[in-house]
Structure formats: structure tokens, C-alpha cells
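Reminder, nothing fancy here: chain letters follow the sequence lines and each chain counts from 1. As a basis for the values below, the full set of heavy atoms in this structure was taken, side chains included, without hydrogen atoms, waters or symmetry mates. Quantities reported herein were computed from a predicted structural model and do not represent experimental measurements.
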Number of protein chains: 2
Amino acid sequence: MSASTVVNLRSVEPPLRDVDLSNLDFGNCPVRDLISQIGGKWSVLLLETLAKRPYRFGELRRMVPDISQRMLTQTLRDLQRDGYIAREVFPTKPPSVEYRMTDLGYSLYDPLAQLLNWAEANHEAVRAARAKFDQSPD
Amino acid sequence: MSASTVVNLRSVEPPLRDVDLSNLDFGNCPVRDLISQIGGKWSVLLLETLAKRPYRFGELRRMVPDISQRMLTQTLRDLQRDGYIAREVFPTKPPSVEYRMTDLGYSLYDPLAQLLNWAEANHEAVRAARAKFDQSPD
DNA sequence: CAGTATCCGTATAGATACTG
DNA sequence: CAGTATCTATACGGATACTG
């Protein structure tokens, strides 16, 4: 969890380099901070949508019909607060508001998309594992 | 978010094409499925730990002191159910149980680690954006 | 159009006590 | 040692109604 975290894929002899849980100090842990944000029910979906192009509030509502107005507002505000998306108000009559992804948002979306690809590619394996476990928990 | 979703990996330039929200069918959405699992408070932490080497239950408890016994058990079972980790019981006296990462778990950990690296590298930017927003919400 | 405000049910997680 | 069982607090998310 430290900055020196290395992806060690082969557990040969233990390099035993600590995951450094000593200063995992939640609330300050950037990883949990990120995960808990994108772990929200709608965050990833909105990031995916806005990665394509900017959208207005009402457009987003129509594109993600299952979301309630409340959750759309809240999720957008959270994403904006963290700097992933920007909100621009056009003083039209009636007012319109546009949301667009920021550079920071795009930089997040790059590794995030790789994770999403993994999910797409491997969800069958996961479902299989799950079915097997539910049948006979080892 | 459907099975036909194609996530474009271009790390450079024009971000992304279709997301295909038309038939996003939650409950079957592999992405939400994954995100909601690793979105749990302890999943990522345990995956990181077990990516290093196998650990026994008690060792995990000591390495992640904040976790309750209940949540440790539950999170480990969930991760096992999805096939990310394996559980092996040694009929010693008293019994000992070892948890280790599976191949599927390692394959997940690869893209996941990239996301974690992003979090480490950019959490200052996020914190800054957040502070600015809290001071004067645009 | 793009939000707020309010209410309420459910899911998630912690504390504590007990067990094969 | 490695868990279960129970109870409880809170966070998350949905529905509905109202507004600049």
C-alpha cells in the first residue's frame, strides 16, 4: 500500500518487503480513498460515459435511466469534488449545465479501463468459481 | 457495460469510443460485479497482502489489525467464492488454515495494481482538488 | 432544466460473546 | 486457532415532492 508497492506476480522466496501496513492510517490511505469513491454504485458508469464526450445533466439522466436524480447529482458532485470531472454552467434560459472529464479524470480512466477490461474478459471465470463454491464450499 | 462493451485502451489521445449503455442490465454487469466486490472496505488490502505470499488467518489478523474477525472471515470467504484466493485447511492440532492467491487472483491483481499505483501517484492532486472544491464549489 | 429537501428501507460493518 | 452468532449503528441508495 506504500508508494513502493511492486507488483510481484511470482511468490518465489519472500522478498518480504512489507506491504507496510504500519502507516495504513485509513482516512489518509489514498487507495481506500479512491476505491471507496469509484466503489459507489454509479461512479464508474458515469466516468465511462463522460470519457466519451461531455454531456448535460438531462442527457446523463436519459443515458443511465436507472439512476435517480438524487444519486446523479450526488455522484457528479463527488466526481467533481475529486477533480475527475468539471462542471460548467451556461447562463441560458432555462439554464443548462455541462459535465466533462478533466485531464486528471482521463489519467484515472486509463488504468481504470484496464481493470474494466479484465472484468469483461474474466467474468465468466468468476461466475464459474462462484457457482462451484456455492455448490460445495471447500 | 454489456458483454459487448469495448473499452478502448488508448492511453494516448482521443479517449474512448462506445460504452454501449443501451443494454446495461445491472445484476449481470461484470464491471459492477467486480467493482462492488473490491469496493468492500478490506478486499483490496487483503488482495495486496496475499499477493505477496500465503498467510494464515491469524497472521492476516495481525497484519491488518483494524479489521474485525467477522469482517476478515467474511471478506476472505467472498474473495474465495469469486476464485481470487484459495483456502487450505491443515489438519494440525490446533487446526491452521492458509490462504493463498490463485492464478485468477494474480491476473486480477495485475490491472488492479496499476490502479493502485495511480492512486498513490495522484492522491495529492485529488486532495488538492477536494480542498479547492470545499473552499469554493464551482 | 437542473437541481434540493425529506423520508425511509436496506446493505454494510463494528463490537461482543461464544465454540469445535 | 479459526472461526459463528447476535445485536446494533451508520452509510448508501431509492421515491417523492418542491424550486430558481
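With dG14(C), dA2(D), dT4(D) as the candidates, the nucleotide lying closest to the side chain of Arg77(B) is dT4(D). Comparing atom distances between the Phe57(B) side chain and each of dG3(C), dA2(D), dT4(D) picks out dA2(D) as nearest.
Put simply, CG on Leu72(A) is 14 Å from P on dC1(C), counting in whole angstrom units. Summarising the geometry, the separation between CD on Glu98(B) and P on dC1(D) is reported as 16 Å, rounded to the nearest angstrom. One interatomic measurement links the two molecules: CG of Asp78(A) to P of dG13(D), which rounds to 10 Å at whole-angstrom precision. One can place CD of Gln37(A) at 13 Å from C1' of dC12(D), the figure rounded to the nearest angstrom. Following rounding to the nearest Å, Leu45(A) (CG) and dG13(D) (P) show an atom-to-atom distance of 13 Å. When rounded to the nearest whole Å, the span between CD1 of Ile35(A) and C1' of dC12(D) equals 18 Å. For the pair Asp66(B) CG and dT12(C) P, the computed distance is 21 Å after rounding to whole Å. For the pair Arg61(B) CZ and dC1(D) P, the interatomic distance rounds to 9 Å; values are reported in whole Å.
Looking at Tyr99(B) and Arg56(B), their side chains never come closer than 4.5 Å, going by heavy atoms from C-beta outward. Counting heavy atoms from C-beta outward, Leu47(A) and Leu108(A) have side chains that approach closer than 4.5 Å.
Judged by Watson-Crick or G-U wobble contacts below 3.5 Å, the nucleotide dG20(D) has dC1(C) as its partner. Across the strands present, dA9(D) finds its partner in dT12(C); the criterion is a Watson-Crick or G-U wobble pair with both atom distances under 3.5 angstrom.
Between Arg56(A) and dA2(C) there is a side-chain polar atom (N or O) within less than 4.0 angstrom of OP1 or OP2. Residue Lys41(B) places at least one side-chain N or O closer than 4.0 Å to OP1 or OP2 of dG14(C). Put simply, Tyr55(A) has no side-chain N or O that comes within less than 4.0 Å of OP1 or OP2 on dC1(C). Applying the 4.0 Å criterion to OP1 and OP2 of dG3(C), one finds that Arg87(A) has a side-chain N or O inside that range.
When all heavy atoms are compared, the tightest approach of Ala125(B) to Leu104(A) is CB-CD1, 4.1 Å. Residues Ser43(B) and Gln37(B) approach most closely at OG-O, 3.0 Å, considering heavy atoms.
Under a 4.0 Å N-O distance rule, the pair Lys41(B)/Asp66(B) does not qualify as a salt bridge.
Within the 4.0 angstrom heavy-atom criterion, no nucleotide atom of any strand lies near Phe90(B). Across all strands, Gln69(B) comes closer than 4.0 Å to base atoms (heavy-atom distances).
Comparing Arg70(A) and Pro95(A), the nucleotide of DNA chain D nearest to each residue sits closer to the 5' end for Arg70(A).
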